[in-house]
Peer 1: 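There's a structure below that I have some questions on.
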Amino acid sequence: AVLKALLASMLATIKQEERAFTEDETKKFDETEAEIKSIDATIAAEQRDLALQQCCEFIYSYIFCGRYGEAFISYGVI
């Protein structure tokens, strides 16, 4: 939220002053935007990992504790 507020502030400043970014401002904007994208990608990866873990737990529960659990136990698989 802080990084997005920084970008919004930078944009508001140049709009108010009716000018383009300076080289330094462009660099800072691009770096901040890249950092936001990196954080978003990390969050997305964590969400995918959590979904995969939940899926694996469901499959494990279904196989070993559900309908097929008794068959695995009777054949000595578990």
Peer 1: Please tabulate, for side-chain N and O atoms in residues 32-47, each donor-acceptor pair with protein atoms closer than 3.5 Å (sequence neighbours left out).
Peer 2:
residue: Thr32; atom: OG1; partner: Lys28; partner atom: O; Å: 2.8
residue: Thr42; atom: OG1; partner: Ser38; partner atom: O; Å: 3.0

Peer 1: Heavy-atom distance under 4.5 Å between the side chains of Leu52 and Arg48, does that happen here?
Peer 2: no
Peer 1: Sequence neighbours left out, cut at 3.5 Å: what donor-acceptor pairs do the side chains of residues 9-19 make with other protein atoms?
Peer 2:
residue: Thr13; atom: OG1; partner: Ser9; partner atom: O; Å: 2.9
residue: Glu17; atom: OE1; partner: Arg19; partner atom: NE; Å: 2.5
residue: Glu17; atom: OE1; partner: Arg19; partner atom: NH2; Å: 3.2
residue: Arg19; atom: NH1; partner: Glu25; partner atom: OE1; Å: 2.7
residue: Arg19; atom: NH2; partner: Glu25; partner atom: OE2; Å: 2.8

Peer 1: Any ring-ring contact (aromatic ring centres under 6.0 Å, His included) involving residues 7-32? Give me the pairs, sequence neighbours left out, ordered by first then second residue.
Peer 2: Phe21-Phe29
Peer 1: Verify the neighbour count for atom CD of Gln53: are there more than 12 heavy atoms of other residues, nucleotides or ligands below 6.0 Å?
Peer 2: yes
